[in-house]
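A quick write-up on the structure given underneath.
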Amino acid sequence: QVQLVESGGGLVQAGGSLRLSCAPSGRTFSSHAMGWFRQAPGKERDFVAAISWKGGSTYYADSVKGRFTISRDMTKNTVYLQMNTLKPEDTAVYYCAAVSGNSETGEYDYWGQGTQVTVSS
């Protein structure tokens with residue numbers, strides 16, 4: 001069974017930084033892309049950033065572009081989200097997701113359990 005495990009969340013003051021990590025647990029898998037999503041209380045889950053596994057092309061939501069950086073370490077099957085200049089509106093549960101080589105639809109088919117990021121004002 002494949003699971004994704006996020007780490008690195010926590011409480012930080014506005015203007016501070018955090019780095020989230022996401023790695024598979026249980027078994028290795030081929031990934032087409034990995035991404036980060038977030039869900040604030042009472043809100044729907046929103047896209048944050050994504051990276052293609054082979055080419056390393058990155059995509060960002062407008063709300064985080066210029067502040068967040070997504071990267072991956074292919075030797076560790078790990079994806080990172082460096083979050084700088086954090087704002088209170090970044091407060092959310094952050095989820096890691098992957099489009100695996102086993103995906104039938106091309107949609108994200110593996111998800112982590114989420115890690116809480118809280119930014120105080």
**Prompt:** Under 6.0 Å from the CD atom of Q113, do we count more than 12 heavy atoms belonging to anything else shown?
**Reply:** no

For S17 and N84 the tightest heavy-atom approach is OG-OD1, 2.9 Å

Are the side chains of F37 and Y108 in touch, meaning some heavy atoms are under 4.5 Å apart? yes

TODO: Answer with yes or no whether the hydrophobic clustering places V79 together with V117; edges join I, L, V, M, F, W, Y residues whose side-chain heavy atoms lie under 4.5 Å apart.
DONE: yes

Rounded to the nearest 0.5 Å, the CZ atom of R72 sits from the OG atom of S52 at a distance of 6.5 Å

Next item on the list: Answer whether the closest heavy-atom distance between the side chains of M83 and L20 falls below 4.5 Å.
Entry: yes

Decide whether I51 and V99 are clustered together by the hydrophobic rule: side chain heavy atoms of Ile, Leu, Val, Met, Phe, Trp, Tyr closer than 4.5 Å, transitively.
no

Review point. Any side-chain heavy-atom pair from C22 and M34 closer than 4.5 angstrom?
Key: yes

Q. Are L81 and M74 connected in a single hydrophobic cluster, I mean Ile/Leu/Val/Met/Phe/Trp/Tyr linked by side-chain heavy atoms less than 4.5 Å apart?
A. yes

Closest heavy-atom pair, A40 versus A92, reported as atoms and distance to 0.1 Å, is N-CB, 3.8 Å

Within a strict 4.5 Å, meaning less than it, do heavy atoms of the W53 and N77 side chains meet? yes

For a 4.5 angstrom cut-off between non-hydrogen side-chain atoms, does Y60 reach R67?
no

So OG of S21 and CG of L4: to nearest 0.5 Å the spacing works out to 12.5 Å

### Message
Taking the side chain as everything from C-beta on, heavy atoms only, tell me whether W111 gets closer than 4.5 Å to C96.
### Response
no

Taking the six-membered ring for Trp and the full ring for Phe, Tyr or His, determine whether the centres of F47 and Y59 are under 6.0 Å apart.
no

Only residue of T115, D90, T91 satisfying side-chain hydrogen bond (donor to acceptor under 3.5 Å, both in side chains) with R38 is D90

Is it possible for you to say whether L18 and V64 belong to one hydrophobic cluster, with membership spreading through side-chain heavy-atom contacts below 4.5 Å? yes

Rounded to the nearest 0.5 angstrom, the OG1-CZ distance for T85 and F68 is 9.0 Å

Applying the 4.5 Å side-chain criterion to the ILVMFWY set and letting contacts propagate, would Y94 and V119 be lumped into a single cluster?
yes

Correct closest heavy-atom pair for T78 and A23 would be OG1-CB, 3.7 Å

